[in-house]
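Start at 1 with the first residue, then count along the sequence.
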Amino acid sequence: MVPTVSPLVDPLKPDEEKRRLFLITTDDTPDALMRVLGVASVQQTRLRALSAAPEGQHMAIRLEIDDQGDDRAQVLASRLAACPSVRGVGFGWRA
């Protein structure tokens, strides 16, 4: 008999399901989050997780997306950096 896995436990992800994590700092304006999400949408990313929280005069946005390769990640990062109100962009692999 094969033991069942609890629905509360995420199964291990195969390599083809790697994810990228983008950390974005923006001015804390009413439209900053929508601008960032607009760029991600135009770049046809598949959003898997999102968080946004004010930090002083700025907002910290965390986007977790399906990996589409290094070149696509660089393009997305440069487009995000060019977005009005964005002050910084960093990205890497989700651990």
Practice task
Apply the test side-chain contact (heavy atoms from CB on, under 4.5 Å) to residues T26 and I24: give CA-CA distance (whole Å), side-chain angles for both, the deciding distance (0.1 Å), then the verdict.
Solution key: CA-CA 6 Å; T26 68; I24 303 129; 3.8 Å; yes
Practice task
Step by step, work out the side-chain contact (heavy atoms from CB on, under 4.5 Å) result for Q43 and L76.
Solution key: CA-CA 7 Å; Q43 293 299 307; L76 178 58; 3.9 Å; yes
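Screening residues 74-93 for salt bridge (charged side-chain N to carboxylate O under 4.0 Å, His left out) gives D27-R87 as the qualifying pairs, with residues at least two apart or on separate chains. Residue pairs meeting the side chain to side chain donor-acceptor pair (under 3.5 Å) criterion with at least one partner in residues 69-78, sequence neighbours excluded, are R20-D70, Q68-R72.
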Please tabulate, one pair per line, all N/O donor-acceptor pairs under 3.5 Å involving side-chain atoms of residues 49-61, not counting sequence neighbours.
none

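For A77, the side-chain contact (heavy atoms from CB on, under 4.5 Å) criterion is met by F22, V89, F91, not counting sequence neighbours. With sequence neighbours left out, the side-chain hydrogen bond (donor to acceptor under 3.5 Å, both in side chains) criterion links S41 to no other residue. Residues forming a side-chain hydrogen bond (donor to acceptor under 3.5 Å, both in side chains) with R48 (at least two apart in sequence, or on another chain): D66. For D31, the side-chain hydrogen bond (donor to acceptor under 3.5 Å, both in side chains) partners are T29, R35, not counting sequence neighbours.
Taken from CG in L37 to CG in L80, the straight-line distance is 9.5 Å, to the nearest 0.5 Å.
For the pair T45 (side chain) and A40 (backbone), a donor-acceptor distance under 3.5 Å is present.
By the 4.5 Å heavy-atom criterion applied to side chains, T25 and V86 are not counted as neighbours. Counting heavy atoms from C-beta on, the side chains of W93 and K18 come closer than 4.5 Å.
Residues L21 and L33 do not share a hydrophobic cluster, clusters being chains of Ile/Leu/Val/Met/Phe/Trp/Tyr side chains in contact below 4.5 Å.
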